[in-house]
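Proteins get letters first, then strands, A, B, ... in listed order; numbering begins at 1 in each.
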2 protein chains.
Amino acid sequence: MAKFKLDETDHKILGMLIDNTRTPFTDIAKKLLISAGTVHVRVKKMEEAGIITGSSLSLDYKKLGYSFIAYVGIFLEKTSQTQFVLNRINEIPYVTVAHITTGKFNLFCKVRAKNTEHAKQVIFKIDDIDGVYRTETMISMEESLNDKTRLMRSIFDEMIS
Amino acid sequence: MAKFKLDETDHKILGMLIDNTRTPFTDIAKKLLISAGTVHVRVKKMEEAGIITGSSLSLDYKKLGYSFIAYVGIFLEKTSQTQFVLNRINEIPYVTVAHITTGKFNLFCKVRAKNTEHAKQVIFKIDDIDGVYRTETMISMEESLNDKTRLMRSIFDEMIS
DNA sequence: GGTGAAAGCACCGAGTT
DNA sequence: AACTCGGTGCTTTCACC
């Protein structure tokens, strides 16, 4: 939970790995003018500290046939049901992220589905959860991905300057 | 854009790589009772087909000091400004995803920041864009990540059954 | 489209400065 | 902390099925 101290070298290593986890340590070493062993040790330390929690593939979901994205805002009958409903939502396939929120909605989640028909089925499952009073759906017509890489750049740029 | 035909072996390979891009091909080969060379060829084909678009590190942003998440709904003065405003939003650091949406808002984005003060600065930048009439912020109190892995499981479960 | 073996590297730990 | 170096094991290719 605490802030972890990373120096500029660590950031540069992360910067090279965030776009491609298979970037050879030897390449990183060459670019940063350090030894591959040092890269190895630093990555390991970041893994042990829990900064690096794993690695994942980036897939083109449109090509896989999942081109529908929607956000669903959820109103509850009573706020005391929040955790219960969140747990139920997390059991529903094709819900990719869920949040407890302040503001308009009590809960908020993202759904990725094949098409409108498929999404409707997913959203009906959310509506059916005990304690859900009403939902409000926002359909994404276009997603512009900044995502992880972009966020890391924001963080790095600030730290280096 | 078209659906790409993946067989069960491809799905199993993706299933083993989605959680850990560094899973040795030899391990995958052993488990699926095929040769490591075959795993290599199939992964390469999926890369060439654009199904696999890359690989990225999973990082603990809380430990990096970025524990604030909010969603921002955006109302525009005129819908004709949509693309222009989307482009401006994509230039703002700490905005991680942006969408053009139907429903309540014209645009919709996710912000990850250090704290409320930092988030305020980011949201002010959104408010300042020409054509933005009003924004509505939903602060996440708790994020429960299903994320990529979860989605892939949803897809695989369906395909295998 | 798959195999199996061989060659080429990367990873990773031990020992050193 | 960082470097070098050597053993181990993964990746990648290629001739063959």
Side-chain angles (χ1 to χ4, degrees), chain A residues 2-60 63-65 148-149 152 155-156 159-161, chain B residues 2-60 63-65 148-149 152 155-156 159-161:
Chain A
K3 250 190 223 189
F4 186 84
K5 264 295 159 208
L6 299 179
D7 66 13
E8 202 179 318
T9 304
D10 291 322
H11 285 115
K12 285 181 179 167
I13 291 171
L14 287 180
M16 291 190 71
L17 287 173
I18 194 92
D19 283 330
N20 177 13
T21 54
R22 290 192 186 258
T23 308
F25 289 2
T26 47
D27 286 7
I28 298 175
K30 249 177 256 167
K31 202 152 196 171
L32 304 189
L33 304 175
I34 55 180
S35 79
T38 302
V39 176
H40 174 239
V41 169
R42 282 176 176 260
V43 169
K44 205 171 177 188
K45 276 187 188 163
M46 290 191 277
E47 281 170 355
E48 281 163 5
I51 299 282
I52 297 174
T53 56
S55 58
S56 67
L57 284 187
S58 308
L59 300 175
D60 186 328
K63 286 202 173 137
L64 285 167
K148 289 186 184 181
T149 305
M152 279 315 288
I155 295 173
F156 292 163
M159 290 195 159
I160 287 162
S161 62
Chain B
K3 252 190 221 187
F4 186 85
K5 264 295 160 209
L6 299 179
D7 66 13
E8 204 179 316
T9 305
D10 291 323
H11 284 115
K12 284 180 180 166
I13 292 171
L14 287 181
M16 292 190 71
L17 286 174
I18 193 88
D19 282 329
N20 177 13
T21 52
R22 290 192 185 257
T23 308
F25 289 1
T26 47
D27 286 7
I28 299 175
K30 249 178 255 167
K31 202 153 195 171
L32 304 189
L33 304 174
I34 55 180
S35 77
T38 301
V39 176
H40 176 241
V41 169
R42 282 174 175 262
V43 169
K44 207 168 175 186
K45 275 188 189 164
M46 290 190 277
E47 281 170 355
E48 280 163 6
I51 299 284
I52 297 174
T53 56
S55 57
S56 67
L57 285 186
S58 308
L59 300 176
D60 186 328
K63 284 202 175 138
L64 285 168
K148 289 187 184 181
T149 306
M152 279 317 287
I155 295 174
F156 293 161
M159 291 195 158
I160 288 162
S161 61

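- For the atom pair CG of A:Leu32 and CZ of A:Phe25, the computed distance is 12.0 Å after rounding to the nearest 0.5 Å.
- If you take NZ of A:Lys44 and C1' of D:dA1, they are 15 Å apart, rounded to a whole angstrom.
- Across A:His11 and A:Leu6, no two heavy atoms sit closer than the pair CE1-O, 3.5 Å.
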Taking only distance into account, with no hydrogens and no angle test, what donor-acceptor pairs under 3.5 Å do side-chain atoms of residues 49-59 of chain B form with protein atoms, sequence neighbours excluded?
from: B:Thr53; atom 1: OG1; to: A:Ser58; atom 2: O; distance (Å): 3.0
from: B:Ser55; atom 1: OG; to: A:Thr21; atom 2: N; distance (Å): 3.0
from: B:Ser55; atom 1: OG; to: A:Thr21; atom 2: OG1; distance (Å): 2.9

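- Residue pairs that meet the salt bridge (charged side-chain N to carboxylate O under 4.0 Å, His left out) test with at least one member in residues 17-29 of chain A, sequence neighbours left out, are A:Asp19-A:Arg153.
- Between B:Asp27 atom CG and D:dG9 atom P the separation is 12 Å, expressed in whole Å.
- Contacts of residues 17-24 of chain A with DNA chain D (heavy atom under 4.0 Å): A:Arg22.
- In terms of heavy atoms, A:Asp7 sits closest to A:Arg42 at OD1-NH1, 2.9 Å.
- Shown here are the side chain to side chain donor-acceptor pair (under 3.5 Å) partners of A:Thr9, two or more places apart in sequence or in another chain: there are none.
- Across the helix from C:dG1-D:dC17 to C:dT17-D:dA1, the helix axis at one end is tilted relative to the axis at the other end by 30° (nearest 10 degrees, each axis from five pairs).
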Exercise for review: Show your working on side chain to side chain contact (heavy atoms under 4.5 Å, CB included) between A:Leu14 and A:Ile155 and close with a plain yes or no.
Suggested key: CA-CA 11 Å; A:Leu14 287 180; A:Ile155 295 173; over 6 Å; no

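- Looking only at distances, no side-chain donor or acceptor of B:Asn20 sits under 3.5 Å from a matching main-chain atom of B:Leu17.
- At D:dA1, none of the side-chain N or O atoms of A:Arg42 fall inside 4.0 Å of OP1 or OP2 (strictly under the cut-off).
- A salt bridge links A:Lys12 with A:Glu8: the distance from a Lys NZ or Arg NE/NH1/NH2 to an Asp or Glu carboxylate oxygen falls below 4.0 Å.
- Taking only side-chain atoms of B:Thr26, from C-beta outward, the nucleotide of D:dA1, D:dT13, D:dC10 with the closest atom is D:dC10.
- Positionally, the nearest nucleotide of DNA chain D for A:Val41 lies more toward the 5' end than for the other of A:Val41 and B:Val41.
- Note: CG (A:Asp10) to C1' (D:dA1) measures 12 Å, nearest angstrom.
- The distance between atom NE2 of A:His40 and atom P of D:dG6, rounded to the nearest whole Å, is 18 Å.
- Where B:Leu33 and A:Phe25 each meet DNA chain C at their nearest nucleotide, the meeting point lying more 5' is that of B:Leu33.
- With sequence neighbours excluded, no residue forms a side chain to side chain donor-acceptor pair (under 3.5 Å) with B:Thr26.
- Within the 4.5 Å cutoff, no side-chain heavy atoms of B:Val43 are placed close to those of B:Asp10.
- Taking the 5' to 3' direction, DNA chain C first and last meets chain B under 4.0 angstrom from a heavy atom at C:dG1 to C:dC11.
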